[in-house]
Structure formats: C-alpha cells, structure tokens
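Beneath this line is the structure, given in structure tokens, with notes to follow.
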Amino acid sequence: PGFDNCTAELYTSPLLLHATVPVRPSAIYRYRLFDGDALGPWRSFRAPPAPGAGRVRFAVVGDVGQTGNSSLTCKSLAAAHAARPFDAGLFLGDLAYAEGTGPRWDS
C-alpha cells in the first residue's frame, strides 16, 4: 500500500491511499472501506477479461468536472452499465476543478 498527501500552495489534501492488488480475469471482488470509525458499505468490482477473450465493452470518460452536466454524464454511464455491464472503464482526469477552493479536490 502507498500513502500520499498532495500539497499545493495554501492547501494539503487529506491522506490518499493506494494499493496494487493482483486480480484474476473476470473475477468479482468485494471490499469495504472505513468511513471514520465504522466500516462503510460493501462494494464490488469485476476484473477485466483476460487478454484475447474476444470483445470487450469499454467505457471512457474525461474532463467530467463537478457540474449539473457532470452529474448527467455519470448517471448516463451508470444506466448504460446497469443495462449491459462494461468490462472496463477509464476516467481520463479532470474529475474536479478546485477553482481556488482546495478542499473541493477531495469532494
């Protein structure tokens, strides 16, 4: 596991955690995170299929930001995934625009 804090002028983010976890192709993994002093809800993800597995349903989205349109984009992706699950997804950054408000990066 890794531990990082992002620091910029007049702002330091809260502790950011990351880990590398080996996964089996197409396997479903469940996990929970601590939310303060309590465990949060169970969540899950399915690993992408093995290389050469044939067709892959892949979602790509970027420059989402934090606006009403951002919300509509995320809801549209969620609906498409619910109707026919994606095998993998990729977020291409710019998920937040702090616009001078540092803590907004963490929202």
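Nothing fancy with the numbering, it's 1 onward along the sequence. The structure displayed is predicted, hence computed values, not measured ones.
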Who passes ring-ring contact (aromatic ring centres under 6.0 Å, His included) against Phe58, sequence neighbours left out?
none

Shortest non-hydrogen separation from Ser44 to Tyr31 and the atoms involved:
N-CE2, 4.0 Å

Would you say Ser76's side chain and Leu72's backbone share a donor-acceptor pair under 3.5 angstrom?
no

Does Pro49 reach the side chain of Val56, with side-chain heavy atoms less than 4.5 Å apart?
yes

Which donor-acceptor pairs under 3.5 Å do side chains of residues 22-30 form with protein atoms, sequence neighbours excluded?
| from | atom 1 | to | atom 2 | distance (Å) |
| --- | --- | --- | --- | --- |
| Tyr29 | OH | Arg24 | N | 2.7 |

Check for me, please, whether Phe45 and Phe91 land in the same ILVMFWY cluster - side-chain distances under 4.5 Å, paths through other members count.
no

4.5 Å side-chain heavy-atom contact, Arg57 and Pro85:
no

Side chains of Leu77 and Val61 in contact at under 4.5 Å (non-hydrogen atoms):
yes

Apply side chain to side chain contact (heavy atoms under 4.5 Å, CB included) to the pair Leu33 and Leu39, showing each step before the final yes or no.
CA-CA 6 Å; Leu33 301 174; Leu39 277 171; over 6 Å; no

Tell me, with the steps shown, if Arg55 and Asp87 meet salt bridge (Lys or Arg N to Asp or Glu O under 4.0 Å).
CA-CA 9 Å; Arg55 292 182 181 224; Asp87 293 305; over 6 Å; no

With a 4.5 Å cut-off on side-chain heavy atoms, are Arg43 and Arg32 touching?
no

